[in-house]
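Whatever order the structure lists them in is the order used to number ligands and atoms, beginning at 1.
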Amino acid sequence: MRDALTPMMQQYRRLRGSIPADTLLLFRLGDFYELFFEDAKEASGLLNVALTKRNGVPMCGVPYHAAQTYIAKLIKAGRRVAICDQTSEPQPGKIVSRDITQIVSAGTVSDLDLLEAKRANYIGAVYADSGIFGFAYADLSTGEFRITQLQDRQSLLDQVARVSPAELLITSEQKEQIGEIDHALDYDSYAFLPEQAVFTLCEHFKVKSLDGFGCAQMPQGVAAAGAIVHYLKHQLRRTIDHLTSLRSDAPADYVLLDAATQAHLELVDSRSVRDTSLLAVLDRTATPMGGRKLRAWILQPLRNLPELQRRQQMIADLLEEPDLLAAIRGNLKSIRDIERATGRLSQASGNARDLVALKTSLQEIPRLKRELQELIERASFGMEASSKNSVEAAVSAANSSTEQPTRLPLQQNLQNGIHEMPALADKLAKALIDDPPFALKEGGIFRDGYDADLDALRQASREGKNWISHLQEREIAATGIKSLKVRYNSVFGYFIEVTKSHLANVPAHYTRKQTTVGGERFITPELKEMEAKILGADERARQLEYQLFQKLRDETLRELAPIQQTAEAIGVLDVICAFAETARLFRYCRPTLNETLRLVIKDGRHPVLDQTLVEEKFVPNDTSLDGENPRLAIITGPNMAGKSTYIRQVALIVLMAQIGSFVPAESAEIGLADRIFTRVGASDDLARGQSTFMVEMNETSNIINNATERSLVILDEIGRGTSTFDGLSIAWSVAEFLHDKIKARTLFATHYHELTKLAEDRPGICNFNVAVREWNEQIIFLRKIIPGGADKSYGIHVARLAGLPKEILDRAKEILARLEKPDSAIETTAVGEPRRRRKSAKSSDKPQLDLL
Ligand SMILES: Nc1ncnc2c1ncn2[C@@H]1O[C@H](COP(=O)(O)OP(=O)(O)OP(=O)(O)O)[C@@H](O)[C@H]1O
Ligand SMILES: [Mg+2]
């Protein structure tokens, strides 16, 4: 059978065998990438292209020049794609040599078209051993590489949810142990072996031990990181020199947000069609680096007080100098995605446009640094000048000097992190034309005057073309044939065309090449000689340009470290400026942060609704918890009154404060939280085969098991997904437990008015409700949180607002009236459940349960 294969098919088989079975092979054949056999069957469906057969072999193909779009489709469909290119020029009678040049996968795409600019694209790996879970993740487009270790499976899943890697390596044995994880991909367990992993990493970073990365004591994390490097180098055949260091994240540095909280608070993704996530309303960044950093910060708030205060101080300084804020933000707009540009260049997939992006950005940097310097000087001057006469400034100066005596202001750090690199900027500017082509081997990248050899070749080509362009005049004069033309096509190159009627006058030294309908085509020895010169010069110029590009790329990458540092600092600068801008536009305040358990907010607003409400104006509300009395607030009130909004707003304000942002309030004092938990609404997770109530209880038990007194807990109607009695009992005991045992600061919104009784014998619990006013059988929502419990739900009023028919509403009112009277029976059979529910109710206006 094997003998029957053509040499090309043999080549195909060999290459196909060298890549993982689940990877599709795109095989370059002339102007197409072809897929064969099973690959073809699968890809034709995914790409919607025709499946054909040649010599019994199923195949389909996509045009070479449009390959990116098709590759993108395959990646989006969750496939990996190996690209096989021709590595020699076609020669008659010989088979072209081919090799796999790249394997592209969702976690490792570098093509800018496939990446979201403001979102990191991670490849991750997990490895569990001795009950500890190691998690590593890398963004190949920027060079970020981190590891962390978690104490239990749930925390691992929360971290994976935060990072949401596009690909996650795991051994098949551990997949069973850890369970289903999105985007998991089996990988060779050998690569995860701790010794192998250390070896892989030391070899990659060219170090003797990993101690310098602070991860010597993190064997599980290291195993995961080693597997990533192994996978990238050996399976995907990538050059990953730009992964220059490994950072270890200690969970204690960050506020932990579990996956449910991340989703419930709509931090980076929103459920509505219009993006109403926190990220969307805060994102006033100007650069992709800033956009990605903001997203990462929101998902990983800090617990480090001095660092947060540094961020706050820089925002305050910028707000003092609105002209500088505007100038810096304007300046940032011209800075391109230098992080990903250098990422691509390091992986040999970058092109001249990436170098131009770098150049354009580098040219902006001196101005940016001047503005930053101005900010540093004005801020330090302001501090000195006002500390004599302004109490406030004196306090803030004192704060900053006692709490962080050795730390530089953030702007000074950023200033040190942003490097000018004038020599590189200059070299790139001198070398590259402003708008070079994508292709690297077609020339047209470099400026005249950059390289003497290139100039000479271009000159030769120009002269040749010039000679040819005058040839027509000369030949017309010599032969007297007025209609003689010198033309070019790709088959014959240059030729002289003479129409039929003048063939008699053709000189003897013309050689006939081709007869056409209208006449004949000729060449002459001197024309061919000149043509060879031109084509030779063009060809050599193209080759030379490619070499020059590689050289320039290598020279640029010698500055990799300062460029990466600059990109990082610009990302931070951009986010801080975005915070300042948002604070300026929406009058945010600088929250006082400390290590107490206080949570005091005056006139707080919901950051999203505050920006998006159009019909009504957002009504601000206060919050006051202190970890003691009260530490748990129960919020009751009618449907639609604003309970959920209020408790989420508090969580979002705390979160914003812990990423260093100012917050939508008149004033705020926030004792740093170690975790933020939310249990909001009833969301079905049908995909995972769990019922509403099961999901709800899972999330609740996660809170109970992990919250500490430093945590902030937001509970929205827990217990709602089951029968009234069960639900109320669970809500009641959860509230008790949170108050008595855990002592976490808690906001609990509920329709179980019975819960308001908890406050009677527990000083740490207090009741609030959302004020409404009844007017002409209507309710007016006042949106104000006031002390005390609510006594009515007004559900029927809300049902009317929603357009339920009058007949149903009237009947509901009737039933409600009877239910609220003790011992009343309802004259029908259809409403059995409410009757049972009210049997034990004692008073008519305030429903209570004997049970409790
Ligand atoms: N403080 C406020 N200022 C202005 N509008 C508000 C405010 N709070 C809430 N709203 C508006 O009221 C709507 C309903 O609020 P929310 O969902 O918080 O009510 P709820 O009390 O939780 O209702 P339910 O009991 O039905 O869950 C919000 O979508 C928002 O448009
Ligand atoms: Mg609600």
Side-chain angles (χ1 to χ4, degrees), residues 260-261 263-266 270-278 280-281 586-587 601-623 633-653 663-666 668 678-684 692 696 699-700 713-721 724 727-728 731 746-756 767-774 778-804 812 847:
T261 299
H264 290 325
L265 290 179
E266 305 191 28
S270 69
R271 279 178 287 251
S272 54
V273 190
R274 218 169 102 234
D275 188 357
T276 52
S277 64
L278 180 65
V281 299
F586 298 95
R587 294 180 303 101
I601 299 168
K602 187 162 180 315
D603 282 342
R605 292 165 278 148
H606 190 293
V608 177
L609 287 181
D610 186 35
Q611 287 190 30
T612 53
L613 269 194
V614 274
E615 279 172 19
E616 30 179 347
K617 214 172 139 26
F618 193 85
V619 180
N621 272 305
D622 299 345
T623 308
I634 294 196
I635 295 117
T636 44
N639 290 103
M640 275 295 284
K643 301 179 295 299
S644 301
T645 306
Y646 172 68
I647 61 178
R648 284 179 211 213
Q649 138 190 341
V650 174
L652 289 171
I653 287 176
V663 299
E666 277 310 305
T678 56
R679 165 56 228 154
V680 173
S683 56
D684 261 299
T692 313
E696 185 174 321
E699 292 175 8
T700 308
V713 179
I714 302 296
L715 297 172
D716 199 351
E717 302 191 20
I718 68 157
R720 165 151 93 168
T724 313
L728 172 54
T746 305
L747 294 168
F748 196 152
T750 182
H751 280 292
Y752 296 129
H753 297 151
E754 292 82 353
L755 286 185
T756 55
N767 290 318
F768 293 95
N769 72 91
V770 199
V772 291
R773 185 172 298 152
E774 266 181 275
Q778 309 244 4
I779 46 169
I780 301 168
F781 295 113
L782 300 179
R783 313 280 183 218
K784 258 304 181 207
I785 303 289
I786 52 171
D791 51 6
K792 281 169 83 176
S793 274
Y794 298 91
I796 295 176
H797 294 262
V798 174
R800 179 176 50 223
L801 293 181
L804 234 56

Among non-hydrogen protein atoms, atom 19 (O) of ligand 1 lies closest to Gly642 N, 3.1 Å
Query raised in the report: Is there a donor-acceptor pair closer than 3.5 Å between any side-chain N or O of Asp610 and the backbone N or O of Arg605?
Result: no
To the nearest 0.5 Å, atom CD of Glu717 lies from atom CZ of Phe748 at 9.5 Å
shortest atom 30 (C) of ligand 1-to-protein heavy-atom contact is with Leu609 CD1, 4.0 Å
In ligand 1, the atoms that come under 4.0 Å of a heavy atom of Pro638 are 21 (O)
One should read off an interatomic distance between Glu754 CD and Ile634 CD1, to the nearest 0.5 angstrom, of 11.0 Å
Output for pair (Arg783 CZ, Tyr646 OH), nearest 0.5 Å, gives 15.0 Å
| field | N/O donor-acceptor pair under 3.5 Å between Lys643 side chain and Val770 backbone | value | no
In this structure, atom 23 (O) of ligand 1 is nearest to the protein heavy atom Met640 N, 2.8 Å
of all protein heavy atoms, closest to atom 2 (C) of ligand 1 is Phe618 CE1, 3.5 Å
shortest atom 1 (N) of ligand 1-to-protein heavy-atom contact is with Val619 O, 2.9 Å
Separation between CG (Asn767) and NE2 (His753), nearest 0.5 Å, reads 10.5 Å
Sorted by chain and number, protein N/O/S atoms nearer to the Mg ion (ligand 2) than 2.8 Å are Ser644 OG
**Item:** Short side-chain to backbone donor-acceptor contact, Ser277 and Ser270, under 3.5 Å
**Value:** no
Between His751 and Asn639, is there a side-chain heavy-atom distance shorter than 4.5 Å? yes
Check: Does Lys784 use its side chain to pair, donor to acceptor, with the backbone of Asn769 at less than 3.5 Å?
Finding: no
So CD1 of Ile653 and NE2 of His606: to nearest 0.5 Å the spacing works out to 9.0 Å
Answer whether the closest heavy-atom distance between the side chains of Val650 and Ile601 falls below 4.5 Å.
-> yes
message = Check this for me - ligand 1, Tyr646, N or O atoms closer than 3.5 angstrom, yes or no?
response = no
Numbered in order shown, the ligand 1 atoms found under 4.0 Å of a heavy atom of Ser644 are 18 (O), 20 (P), 22 (O), 27 (O)
Would you please determine whether Lys617 falls within less than 4.0 Å of ligand 1 on a heavy-atom basis? yes
Atom 26 (O) of ligand 1 sits nearest the protein heavy atom Asn639 ND2, 3.1 Å
Counting heavy atoms under 4.0 Å, the part of His751 that contacts ligand 1 is side chain
Rounding to 0.5 Å, atoms CZ (Phe768) and CD1 (Ile647) come to a distance of 13.5 Å
Q. Does Ala641 have a heavy atom less than 4.0 Å from any atom of ligand 1?
A. yes
Judged by non-hydrogen atoms, does Pro620 sit under 4.0 Å from ligand 1? no
Are any of the heavy atoms in Val770 under 4.0 Å away from ligand 1? no
Would you please test Asp622 and Asp603 for side chain to side chain contact (heavy atoms under 4.5 Å, CB included) and show each step?
CA-CA 5 Å; Asp622 299 345; Asp603 282 342; 3.5 Å; yes
of all protein heavy atoms, closest to atom 28 (C) of ligand 1 is Thr645 OG1, 3.9 Å
re atom 27 (O) of ligand 1, the protein heavy-atom contact at minimum distance is Glu717 OE2, 3.5 Å
| For Val608, does its backbone N or O pair with a side-chain atom of Thr612 as donor and acceptor, under 3.5 Å? | yes
